[in-house]
Amino acid sequence: MPGQSVGGQGVGYGSGHGSSQGNGSALEKTLRITEALTAFGGPHRLAELSAAAGVPKSSTYRILVSLVEQGYAVTDGEGSYGVGLRLRTLAAEVCADRPEGIVELLEFLQKCTGQAVHLALRSGNALTYIRKIEGSGSHRTSSRVGMRIPLHATAIGRAVLAHLPPEEAEGVLRTRADEEGLADELRTVRERGYAVDDAEYERSARCLGAPVFDRTGIPVGAVSLTAAASLHTRAELERFSPALLEAARGDQRLLQLGG
């Protein structure tokens, strides 16, 4: 179903989510609310979480109270909810699980190109950086592990957005003033296999992003290369695209195997 809006950003979910309020078991409702809670732009209001998860406000409130009590969510006491320490800890443990093969591929990509390398995984309509390797030069990017970025804003995000099911991608596009231009760009991304950020998101950096898919062909994340805009032209950076695509395919195989 199309992504619902949370904090000005769409929250896209898989096809298994019911479209009417109240659908699903208590567990399914809790999972949907947890996904909405982690969406870009938090903390979120009760009404936003209810709409994004497709769960009635009364049920959403009861589930949020339990999540707060268990440490998975936090609240300011005035109706806004954010991600709790316990959920953040679980996320960090998952990111650290059996990373050797993936890290080796990312390190090899960095050594081959000399550029900063990132791996990010999707949650709703945002990505979270789970691995970062700085480039060989003195330039340092502002990104950090654990940082969340919207799908539309960067090369690594657009690499994912371009390959989402149409109804989910449209949910993101509808939130953008430049909807038509972004849609054209996403078609180009699908044709060439990678996305380009030509010093748009961060004026000091140029980026390439390539998607990583699950076994069903749905993008679950992406790998990116980031270079200093003052040192590398777009054409120079794009020469590294074959290496980036190969690394993305390798990470994809490892993620599909669970490690």
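Judged purely by atom type and a 3.5 angstrom limit, Ser80 has no side-chain atom pairing as donor or acceptor with the backbone of Arg45. A donor-acceptor pair is defined here as one N or O able to donate and one able to accept, closer than 3.5 Å; such a pair exists between the side chain of Glu28 and the backbone of Ser25. With hydrogens and angles disregarded, a donor-acceptor distance shorter than 3.5 Å links the side chain of Thr113 to the backbone of Leu109. Remark: the backbone N or O of Ala227 is not paired with any side-chain donor or acceptor of Arg206 at under 3.5 angstrom. A donor-acceptor pair is defined here as one N or O able to donate and one able to accept, closer than 3.5 Å; such a pair exists between the side chain of Lys132 and the backbone of Ser143. Checked by atom type and distance alone, the side chain of Glu200 never pairs as donor or acceptor with a backbone atom of Asp197 at under 3.5 Å.
With sequence neighbours left out, the side-chain hydrogen bond (donor to acceptor under 3.5 Å, both in side chains) criterion links Gln252 to no other residue.
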Full working for side-chain contact (heavy atoms from CB on, under 4.5 Å) between Thr38 and Thr128 = CA-CA 10 Å; Thr38 65; Thr128 301; over 6 Å; no

Verify side chain to side chain donor-acceptor pair (under 3.5 Å) between Thr226 and Thr141, making sure each step is shown before the conclusion.
-> CA-CA 8 Å; Thr226 302; Thr141 62; over 6 Å; no

Trace of the side-chain contact (heavy atoms from CB on, under 4.5 Å) decision for Ile156 with Leu127 | CA-CA 8 Å; Ile156 198 169; Leu127 291 177; 4.0 Å; yes

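Contact of the Leu164 side chain with the Leu151 side chain is registered, since non-hydrogen atoms from C-beta on lie closer than 4.5 Å. In this structure the side chain of Leu37 never reaches within 4.5 angstrom of the side chain of Tyr72, judged on heavy atoms. Between Phe213 and Pro219, some side-chain heavy-atom pair lies under the 4.5 Å cut-off. In this structure the side chain of Ser123 reaches within 4.5 angstrom of the side chain of Arg148, judged on heavy atoms. A heavy-atom distance below 4.5 Å is found between the side chains of Leu255 and Leu121. Contact annotation: the side chain of Arg158 approaches that of Leu182 to within less than 4.5 Å [non-hydrogen atoms, C-beta and beyond]. Considering only heavy atoms from C-beta on, Leu225 comes within 4.5 Å of Val117 through its side chain.
Leu64 CG to His44 NE2: the interatomic distance, rounded to the nearest 0.5 Å, is 11.0 Å. Note that OG of Ser59 is 13.0 Å distant from NZ of Lys57, once rounded to the nearest 0.5 Å. Considering CZ of Arg176 and CZ of Arg174, their distance stands at 14.0 Å, rounded to 0.5 Å. Interatomic distance, NE2 of His232 versus CZ of Arg239, reported as 9.5 Å (0.5 Å rounding). Interatomic distance, Glu107 CD to Ile102 CD1, rounded to the nearest 0.5 Å: 12.0 Å. Annotation: the span from Glu238 atom CD to Leu244 atom CG amounts to 11.0 Å, rounded to 0.5 Å.
In terms of heavy atoms, Val160 sits closest to Ala222 at CG2-CB, 3.9 Å. The nearest pair of heavy atoms linking Leu237 to Cys207 is CD2-N, 3.7 Å. Scanning both residues, Ala162 and Arg190, for their nearest heavy atoms gives O-NH1, 2.8 Å. For Ala159 against Val189, the heavy-atom pair with the smallest separation is CA-CG1, 4.2 Å. In this structure, Ala248 and Pro211 approach most closely via the heavy-atom pair CB-O, 3.8 Å.
At a threshold of 4.5 Å between side-chain heavy atoms, the hydrophobic network of Ile, Leu, Val, Met, Phe, Trp and Tyr places Ile218 and Val172 in two separate groups. Under the 4.5 Å side-chain contact rule for hydrophobic residues, Leu67 and Val74 do not share a cluster. In the hydrophobic clustering of this structure, Met147 groups with Leu161; members are Ile, Leu, Val, Met, Phe, Trp, Tyr whose side-chain heavy atoms approach within less than 4.5 Å, directly or through other members. Under the 4.5 Å side-chain heavy-atom criterion for Ile, Leu, Val, Met, Phe, Trp and Tyr, Phe108 and Leu105 are members of distinct hydrophobic clusters. Leu245 and Ile133 fall within a single hydrophobic cluster, where Ile, Leu, Val, Met, Phe, Trp and Tyr are joined by side-chain heavy atoms under 4.5 Å apart, directly or via other members.
Under the 30°/60° scheme for interplanar angles, the aromatic rings of Tyr129 and His118 are found to be tilted.
Salt bridge status for Arg249 with Glu246: present, with a side-chain N to carboxylate O gap under 4.0 Å.
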